[in-house]
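Below is one structure, written out as structure tokens; the observations come after it.
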2 protein chains.
Amino acid sequence: MPARDRPVSAAASTPDLSTRLTGEILDLIRREDLHAGDRLPSVRALAARFGVATPTLREALRRLQATGAVDIRHGSGTYVRHGRGRLVLASPVPQGLGIDSLLHLLDARTVVEPGLAAMAAERATAADLARLEDVLLDAERSFFPNDGRSARANEAFHFAVARASGNPILAETDEALMDLYAVAYAAAFPHARTRSRELHDHAAILAAIAGRNAQRARQLAHRHLEDAGADIALLLAEMGGDAAEQRTALGSGQ
Amino acid sequence: MPARDRPVSAAASTPDLSTRLTGEILDLIRREDLHAGDRLPSVRALAARFGVATPTLREALRRLQATGAVDIRHGSGTYVRHGRGRLVLASPVPQGLGIDSLLHLLDARTVVEPGLAAMAAERATAADLARLEDVLLDAERSFFPNDGRSARANEAFHFAVARASGNPILAETDEALMDLYAVAYAAAFPHARTRSRELHDHAAILAAIAGRNAQRARQLAHRHLEDAGADIALLLAEMGGDAAEQRTALGSGQ
DNA sequence: GTCCGAAAAGTGATTATATCTCTCCCCCCG
DNA sequence: CGGGGGGAGAGATATAATCACTTTTCGGAC
């Protein structure tokens, strides 16, 4: 092993190897232009490359996994997920996600997403708009009620709007809220059903963004989320007396 | 060694030891009623307790560290950081917090905080209002420009508004953004100075909240943050040509 | 020729053990 | 009584071997 020379820029601020390795790996992802789904070199290969032992490199990977930067699959490999060091993240071990939390999450999204939509209308690039259209078309194609895939396709639209806002940090924030929302929703209503109105609303929002109409985008996004709140209220009413039971079973938020 | 018997509860849902260990450790924290700052057993002790090897337990600790649940200090020990189930949090290892990120963070806060202020105006309890007043008085009392304590007292007001909104999740979200903002600001402008306008603005916002005037609270909060943006622009201009240099040195966020 | 299944290769998961470095605190020396 | 040295304890890292899972490949059966 030749002189474990550090190619890194004057690091040494933290004498913590695994901390430096996380940055090193993120740099690698950026430099090699790896995107979500791409596979990283094997643990052994990475360890050799950085001149560290495998358990050490593993610690770095675990940290990246915990923040959603990479995805580790036993027997298969390590894959890029978000690929960047996220600044705002959702707890990986959500506890106490009851109906209270679901409503709070929706409320929070109602604050954030209209802002994102407005920003997207003002700043979306041509590439952003193209991706939004792609995502919407994909959702239309894979539309089947009571299908998890369809729900995910609809989520993708919200993600795409967040990214199109041009503010990666606010986008991350919304992603964190959406992740938690999905978990809370699934826990509250195991039999999810996709409503066709989703697609319709999304199309209208896209039109407003493409038309650079920030006010309208904001309004539509706001109404879209309010409708979701109304749906939840409906579902709760349907469940009737079971609601209280459900609430307890889930361990209502703190 | 055949059929290593697991002393742990049933589990086996995820055949991933370190995943189970993270939950196990969090349970331990809860069961032993450990709070922020308390020390956990040593790595070796924990490994022995759960019947795993130290590197494996270490991976679990790294994951918890990555999400801010615990704090690991070389030579000293592992300590509880928040342990409590926060749902949205700032990365405890922020990287790439340059001036770009500072502006994005401010932008994000400009989306979130007016919403929080409006919600606080609608839903703040008497106790919330009392605390807001306390915090504001405290900030006035400890007002010294160029003092870190003064800056923190002003931050406390924003925290208090967030909590008064009645939405703990959106409050956590804003806290995460504020934490990151503070770090990014300190990195960009090491010689922080507190402006007296802060206090004045906060007093006005409190008045609007106490007066249950949601629209006005929203407006004031919005303007307050826009002013902060103008100040940053001014600081950047002051630094003149050095700005570009600074930007590079900090490693501007992607 | 095609298809299925078993084996092999590659990759992550876990173990066990040893050594190094840092922090903290106690106790001894001045 | 105060400060510094040193030891105990804690985390950090290395090494090497083995286990478990996934993917690929290749040969045999049909």
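Since this is a predicted model, take the numbers as computed values, not measurements. Just so it is clear: chains get the letters A, B, ... in the order the sequence lines come, proteins before strands, and each one is counted from 1.
- Take A:Glu32 and apply the salt bridge (charged side-chain N to carboxylate O under 4.0 Å, His left out) test, not counting sequence neighbours, and it matches A:Arg49.
- Atom-to-atom, CZ of B:Phe50 to C1' of C:dA16 comes out at 19 Å; the value is rounded to the nearest Å.
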Acceptor/donor pairs from residues 154-162 of chain B side chains to any protein atom, 3.5 angstrom cut, sequence neighbours excluded:
residue, atom, partner, partner atom, Å
B:His158, ND1, B:Arg109, NH2, 3.2
B:His158, ND1, B:Glu113, OE1, 2.8
B:His158, NE2, B:His202, NE2, 3.1

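- With sequence neighbours excluded, no residue satisfies salt bridge (charged side-chain N to carboxylate O under 4.0 Å, His left out) with B:Asp134.
- Comparing A:Tyr79 and B:Thr54, the nucleotide of DNA chain D nearest to each residue sits closer to the 5' end for B:Thr54.
- With sequence neighbours excluded, no residue forms a salt bridge (charged side-chain N to carboxylate O under 4.0 Å, His left out) with A:Asp179.
- Atom CD of B:Glu59 and atom P of C:dG12 are 12 Å apart (whole Å).
- Computed from coordinates, the A:Leu17 CG to D:dA14 C1' distance equals 11 Å when rounded to whole Å.
- Not counting sequence neighbours, B:Glu140 has no partner by the salt bridge (charged side-chain N to carboxylate O under 4.0 Å, His left out) test.
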Enumerate all atom pairs, one protein N or O and one N or O from nucleotides 7-11 of chain D, separated by less than 3.5 Å.
residue, atom, partner, partner atom, Å
D:dG9, N2, B:Gly75, O, 3.1
D:dG11, OP1, B:Thr78, N, 3.4
D:dG11, OP1, B:Thr78, OG1, 3.0
D:dG11, OP2, B:Val43, N, 2.7
D:dG11, O4', B:Gly75, N, 3.4
D:dG11, N7, B:Arg44, NH1, 2.9
D:dG11, O6, B:Arg44, NH2, 2.9
D:dG11, N2, B:His74, NE2, 3.4
D:dG11, N3, B:His74, NE2, 3.4

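- Using a 4.5 Å heavy-atom threshold, the side chains of B:Leu89 and B:His82 count as touching.
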